[in-house]
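Working notes, structure below.
Ligands are counted one by one from 1 in listed order, and the atoms in each one are counted from 1 as well. In this text the structure is predicted, and so the values were computed from the model without any measurement.
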Amino acid sequence: MSVIYNRVALIGLGLIAGSMALAMRRRGLAAEVTGYARTAATRDTARRINLVDRVCDTAVEAVKDADLVVLCVPVGAMGAVAQEIAPHLKPGATVSDVGSVKRAVIDAVQPHMPANVHFVPAHPLAGTEHSGPESGFATLFDNRWCLIVPAEGASPQAVAQLQALWQGMGANVDQMDADHHDLVLAVTSHTPHLIAYTMVGVADDLRRVTDSEVIKYSAAGFRDFTRIAASDPTMWRDVFLTNKDATLEILGRFTEELFALQRAIRQGDGDLLFDYFTRTRAIRRGIIEAGQDTDAPDFGRAKKDG
Ligand code: NAP
């Protein structure tokens with residue numbers, strides 16, 4: 001594949017930026033990739049493992065002459081980073097991000113963007129529960145979706161170029177409106193994470209009763225919850241602080257359904273439970289048929305949605 005951007009700057013050097021750097025290198029999609037992380041420790045690690053072509057000590061230095069700048073920091077940090085780099089962006093450059101919430105990132109970043117820069121937000125629906133520069137891998141985005149959320153009036157050429165980059169990194173690309181994105185992700189990712197955090201918290205509360213049994217006998221269901229609940233606390237704190245309305249809406253619906261199932265269990269309503277579980281099983285089959293997960297016993301889970 002040929003070069004899509006001459007110089008790409010990654011701000012933040014964690015799981016997503018690291019995977020982008022390796023995925024770009026795999027196909028030669030950028031002539032040079034620069035990177036910056038806020039702590040010296042992360043920058044040193046990135047240098048040691050040769051994650052990008054050049055690790056810079058400031059964000060300003062990293063974005064100099066970059067044709068594409070991708071903000072790969074927690075959602076709550078996007079605004080401050082955008083403000084810092086804004087005066088140093090190359091005219092005509094594209095700025096994008098990988099944040100898990102889109103409306104809040106747009107509201108935080110857009111006001112800082114100079115008129116001669118294209119801001120094209122995006123969100124790859126791929127991740128793992130690991131974080132940091134050493135957790136990245138080149139195949140993370142293969143056959144996963146990346147949602148691009150262009151603002152009204154965004155340059156079609158800038159959007160097409162970013163789309164080509166994500167496709168080059170292995171992803172399938174769709175475009176979506178920011179509010180719709182946040183609602184869809186509240187259903188598919190954010191609320192499920194909250195439920196996993198809660199379930200693991202409940203098990204932890206029971207620890208005194210069950211002691212090591214919770215771990216020793218943890219069957220697939222609970223083990224899957226613990227993996228999700230091991231996700232980065234900063235990232236997920238920011239997701240819930242910034243996708244508040246959609247998450248609360250879905251959580252409200254979830255609670256209603258949970259009460260309905262709770263009542264069915266109390267009343268011994270086997271038909272309701274059976275019909276409910278039949279419907280949910282069909283959804284699982286649909287996900288496998290769409291190629292978004294495997295039927296393997298461990299759910300084939302090196303990756304998960306982010
Ligand atoms: P990560 O591995 O924890 O890396 C985060 C990076 O951001 C690190 O380089 C960190 O620098 C930097 N950072 C943290 N707080 C910062 C702050 N206040 N100011 C400036 N830089 C800061 O995180 P990640 O998983 O790559 O996530 C990055 C973004 O991708 C997030 O917006 C997240 O919502 C989104 N995302 C994540 C997933 C997923 O599953 N993980 C999936 C899709 C999208 P130091 O190491 O120097 O602290």
Side-chain angles (χ1 to χ4, degrees), residues 9-23 33-49 51-52 55-60 62-63 69-85 95-106 108-109 121-137 140-142 144-149 166 169-171 178 181-182 184-186 188-190 192-193 196-197 227-243 247 301-306:
L10 302 172
I11 307 301
L13 288 172
L15 167 72
I16 300 296
S19 299
M20 288 182 72
L22 298 173
V33 178
T34 61
Y36 165 77
R38 78 184 156 156
T39 63
T42 298
R43 296 197 295 271
D44 287 346
T45 304
R47 283 188 187 108
R48 178 172 51 75
I49 63 174
L51 194 62
V52 293
V55 177
C56 303
D57 284 326
T58 65
V60 169
V63 303
V69 176
V70 189
L71 309 180
C72 304
V73 298
V75 168
M78 297 274 183
V81 171
Q83 183 171 22
E84 187 189 349
I85 62 169
V95 173
S96 187
D97 76 294
V98 294
S100 305
V101 179
K102 293 277 59 95
R103 173 58 60 200
V105 170
I106 292 168
V109 172
H123 177 204
L125 306 189
T128 74
E129 66 277 24
H130 304 296
S131 44
E134 290 177 287
S135 59
F137 54 102
L140 177 64
F141 309 114
D142 284 354
R144 307 311 300 266
W145 285 101
C146 179
L147 300 176
I148 296 189
V149 181
W166 276 106
M169 290 190 291
H181 166 279
D182 290 355
V184 169
L185 266 292
T188 59
S189 172
H190 304 168
H193 269 80
Y197 281 125
R227 187 183 51 73
I228 295 171
S231 299
D232 187 67
T234 305
M235 168 186 160
W236 285 97
R237 176 201 63 195
D238 286 6
V239 165
F240 294 117
L241 291 179
T242 57
N243 199 17
T247 309
R301 289 280 178 78
K303 304 173 186 179
K304 69 182 176 71
D305 294 338

For [atom], state which one of [options] supplies the nearest heavy atom.
atom                    : options              : result
atom 42 (C) of ligand 1 : A126, S100, G136     : A126
atom 45 (P) of ligand 1 : V239, V75, T42       : T42
atom 43 (C) of ligand 1 : P124, A80, G127      : P124
atom 31 (C) of ligand 1 : D238, L140, V81, V73 : V73
atom 47 (O) of ligand 1 : T39, I16, T242       : T39

Open item on the list: Does any N or O of ligand 1 fall below 3.5 Å from an N or O anywhere on G12, backbone included?
Closed with: no

TODO: Flag G132 as yes when one of its N or O atoms lies below 3.5 Å from any N or O atom of ligand 1, and as no otherwise.
DONE: yes

In terms of atom number and element, which parts of ligand 1 are under 4.0 angstrom from non-hydrogen atoms of [X]?
X    : value
V98  : 29 (C), 30 (O), 35 (C), 36 (N), 44 (C)
H123 : 43 (C), 44 (C)
M78  : 32 (O)
S131 : 1 (P), 2 (O), 3 (O)
G99  : 32 (O)
G14  : 1 (P), 2 (O), 4 (O), 9 (O), 26 (O)

Open item on the list: side-chain contact (heavy atoms from CB on, under 4.5 Å) for S231 and H130? Distances and angles first, verdict last.
Closed with: CA-CA 7 Å; S231 299; H130 304 296; over 6 Å; no

When rounded to the nearest 0.5 angstrom, what distance separates [atom1] in [X] from [atom2] in [Y]?
X    : Y    : atom1 : atom2 : value
W236 : H193 : CH2   : NE2   : 4.0 Å
I11  : I85  : CD1   : CD1   : 5.5 Å
H123 : S189 : NE2   : OG    : 6.5 Å

When you look for heavy atoms under 4.0 Å from ligand 1, do you find them on the side chain of [X], its backbone, both, or neither?
X    : result
R38  : both
A77  : side chain
R43  : neither
T128 : backbone

Task: Main-chain N/O of L13 paired to Y36 side chain as donor or acceptor, under 3.5 Å - done: no

TODO: Taking S19 for its side chain and G136 for its backbone only, find out whether a donor-acceptor pair lies under 3.5 Å.
DONE: no

Task: Passing candidate, side-chain contact (heavy atoms from CB on, under 4.5 Å) with N243, options D238, V101, V75 - done: V101

TODO: Decide side-chain contact (heavy atoms from CB on, under 4.5 Å) for M20 and V70; before the verdict, give the C-alpha distance in whole Å, the side-chain angles of both, and the deciding distance to 0.1 Å.
DONE: CA-CA 10 Å; M20 288 182 72; V70 189; 4.0 Å; yes

Open item on the list: Any salt bridge linking R47 with D57? Criterion: basic side-chain nitrogen under 4.0 Å from a carboxylate oxygen.
Closed with: yes

TODO: Would you check if there is a donor-acceptor pair between the side chains of T42 and T39 at a distance under 3.5 Å?
DONE: yes

TODO: Answer whether the closest heavy-atom distance between the side chains of V109 and D97 falls below 4.5 Å.
DONE: no

Open item on the list: Contact between ligand 1 and G18 is defined here as a heavy atom of the residue under 4.0 Å from a ligand atom; is it met?
Closed with: no

